[in-house]
Amino acid sequence: MKFSLIANDSKSNARAGFIETDHGIIETPIFMPVGTIGSVKAVHIRDIKESVKAQIILGNTYHLYLRPGLETLKGAGGLHKFNGWDRPILTDSGGFQVFSLAHRRKITPEGVTFQSHIDGSKHLFSPERVMDIERVIGADIMMAFDECPPYPCEKDYARKSMHITHQWLDRCITHFDKTEPLYGHHQSLFPIVQGSVFTDLRKESAEHIASLGCEGNAIGGVSVGEPIELMYEMTELVCGILPKDKPRYLMGVGTPANILEGIGMGVDMFDCVMPTRNGRNGMIFTRNGIMNMRNERWKNDFSPIDSDSELFADLEYSKAYLRHLFTANEILGPMIASLHNLHFYLWLVKEARKHIIAGDFTSWKALILPTISQRL
RNA sequence: GGGGAGAUUCCAGAGUGGCUAAAUGGGGCAGACUGUAAAUCUGUUGGGCGACCUUCGGAGGUUCGAAUCCUCCUCUCCCCA
């Protein structure tokens with residue numbers, strides 16, 4: 001994997017570049033659609049490629065390990081072959097499930113024991129095991145196994161959790177170095193900065209991560225319910241410490257506004273379930289603001305969903321029709337909204353990249369931010 | 001013609017003397033959602049800011065008090081001829 005920077009914004013820390021992987025180039029800053037179980041929910045892979053124009057998608061180690069399972073993934077020849085996505089894939093390690101499935105897991109120094117949410121069976125996720133699974137999945141970018149602590153969280157706990165994450169990281173790196181890719185393409189390992197909302201812990205974690213010389217670095221433990229100001233504060237602090245010549249990935253973020261702010265701080269990669277999950281729940285993001293498509297106000301609005309968009313669905317379907325699909329609980333509603341939101345997110349980061357290169361990112365961001373954040 | 005069942009708030013459907021503006025669904029309206037246990041979850045749904053006012057097919061009655069008991073009326077459904 002190779003990361004190259006082609007432009008730096010003069011008024012902010014935003015930068016534009018590209019990542020070269022064996023499955024193709026990723027232009028940064030980039031948004032990565034989330035495809036937890038090997039599917040970006042409600043959207044065809046073909047549409048992810050041709051309409052959304054995504055350059056990399058996510059998969060999740062925990063979910064894919066439980067279902068379909070390693071035998072199937074190995075039999076398919078890895079996730080790329082299994083789901084038909086031939087571009088880069090990043091897999092989250094299951095660290096987020098340590099947080100989101102907190103009531104059915106137990107953390108020990110060895111790793112985390114999960115009780116499957118599917119059939120109740122017990123599974124040990126150790127750093128070594130997670131590396132093995134991510135090798136089987138075959139992701140171009142493998143995330144280290146971490147603990148994502150909740151918010152709020154006591155500082156003592158945050159410190160302990162961070163140290164466990166660092167220890168696990170050592171074991172991840174050791175095991176990663178000992179193992180080989182299974183399908184002939186290069187895989188990279190990204191470590192994750194933790195430290196909750198405590199500046200000294202974040203600093204310590206970021207410095208530790210920065211010293212390891214990995215191919216890219218991630219900021220985790222954000223967007224878990226903390227005030228947005230704290231998320232920004234932590235992101236800015238950590239970006240100032242992580243190496244400039246490696247991609248920075250802000251995990252789980254976020255709203256369109258969060259992403260633009262993150263880009264301004266020097267983040268290169270984002271992922272979030274928001275465009276798909278909120279889309280399935282009737283919320284769509286546009287360059288003119290945010291709409292709840294279930295609201296009565298769209299009932300007789302026969303104008304296109306988004307006349308500024310180039311997406312076929314945005315032009316061919318009306319707001320009234322999309323509202324009808326949602327109120328009728330018709331599956332096409334979530335499909336259109338998910339497609340639309342992903343297309344918008346990818347448009348947003350592409351536009352940001354364009355303005356970084358053109359040198360007017362900061363003024364463009366200031367101009368667009370209030371508009372895309374408003375409720376319609 | 002004979003016998004039986006029933007009419008409840010937008011709909012379906014509980015409730016059978018006071019704790020009932022009335023369970024529960026559905027529908028409607030609104031909100032939440034940030035490395036996905038999510039096509040999920042939450043709130044609200046007679047009027048009024050309020051002490052209160054108007055509601056359970058219609059009219060009358062019993063009672064301190066009725067959607068709930070009685071009388072008549074109107075309408076609906078089922079079974080037998």
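To find a chain, count down the sequence lines: A is the first, B the second, and so on, and within it residues start at 1.
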Residue pairs involving residues 326-350 of chain A (criterion side-chain hydrogen bond (donor to acceptor under 3.5 Å, both in side chains); sequence neighbours excluded) =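 Every pair satisfying side-chain hydrogen bond (donor to acceptor under 3.5 Å, both in side chains) with a residue in residues 326-350 of chain A: A:Asp314-A:His340.
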For [X], ring-ring contact (aromatic ring centres under 6.0 Å, His included) partners two or more places apart:
X	answer
A:Phe99	A:Phe96
A:Phe3	none
A:His175	none

inquiry  = Distance alone, cut at 3.5 Å: any donor-acceptor contact between the side chains of A:Asp271 and A:Tyr249?
reply    =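 There is such a pair between these side chains.
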ask   = With sequence neighbours left out, what residues match A:Thr235 under side-chain hydrogen bond (donor to acceptor under 3.5 Å, both in side chains)?
value =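 Listed in chain order: nothing, the list is empty.
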ask   = Under 4.0 Å between a side-chain N or O of A:Gln97 and OP1 or OP2 of B:U36?
value =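 Indeed, a polar side-chain atom of A:Gln97 lies that close.
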query = Would one find a side-chain N or O of A:Ser93 under 4.0 angstrom from OP1 or OP2 of B:G35?
reply =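 A:Ser93 to B:G35 OP1/OP2: no side-chain N or O under 4.0 Å.
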Going by heavy atoms closer than 4.0 Å, what residues in [range] are next to RNA chain B?
range	answer
residues 246-253 of chain A	A:Met251, A:Gly252, A:Val253
residues 201-237 of chain A	A:Gly221, A:Ser223, A:Ile228
residues 111-135 of chain A	A:His117

Assigned partner base of B:U44, Watson-Crick or wobble definition, under 3.5 Å =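 For B:U44, the partner nucleotide comes out as B:G28, under the 3.5 Å rule.
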key: A:Lys155: partners by salt bridge (charged side-chain N to carboxylate O under 4.0 Å, His left out), with sequence neighbours left out   =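 With sequence neighbours excluded, A:Lys155 shows a salt bridge (charged side-chain N to carboxylate O under 4.0 Å, His left out) to A:Asp200, given in chain and number order.
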Heavy-atom donor-acceptor pair, [X] side chain to [Y] backbone, under 3.5 Å:
X	Y	answer
A:Arg323	A:Arg294	yes
A:Arg87	A:Ala54	yes
A:Arg135	A:Thr179	yes

request  = Flag the pair A:Phe302 / A:Tyr321 as yes when their ring centroid distance falls below 6.0 Å, and as no otherwise.
outcome  =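 No, the ring of A:Phe302 stays outside the 6.0 Å limit from the ring of A:Tyr321, centre to centre.
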key: For atom CG of A:Leu64 and atom P of B:A37, their distance in whole Å   =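 That distance rounds to 12 Å.
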message = By the ring-ring contact (aromatic ring centres under 6.0 Å, His included) test, which pairs, at least two apart or in different chains, include something from residues 71-93 of chain A?
response =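 Only A:His23-A:His80, A:His80-A:His185 qualify under ring-ring contact (aromatic ring centres under 6.0 Å, His included).
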ask   = In B/S/- notation, 5' to 3', how is nucleotides 27-33 of chain B contacted by protein heavy atoms closer than 4.0 Å?
value = --SSBBB
ask   = Taking only residues two or more places apart in sequence, or in another chain, which ones meet A:Pro152 in a side-chain contact (heavy atoms from CB on, under 4.5 Å)?
value =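 Checked A:Pro152 against side-chain contact (heavy atoms from CB on, under 4.5 Å); zero matches.
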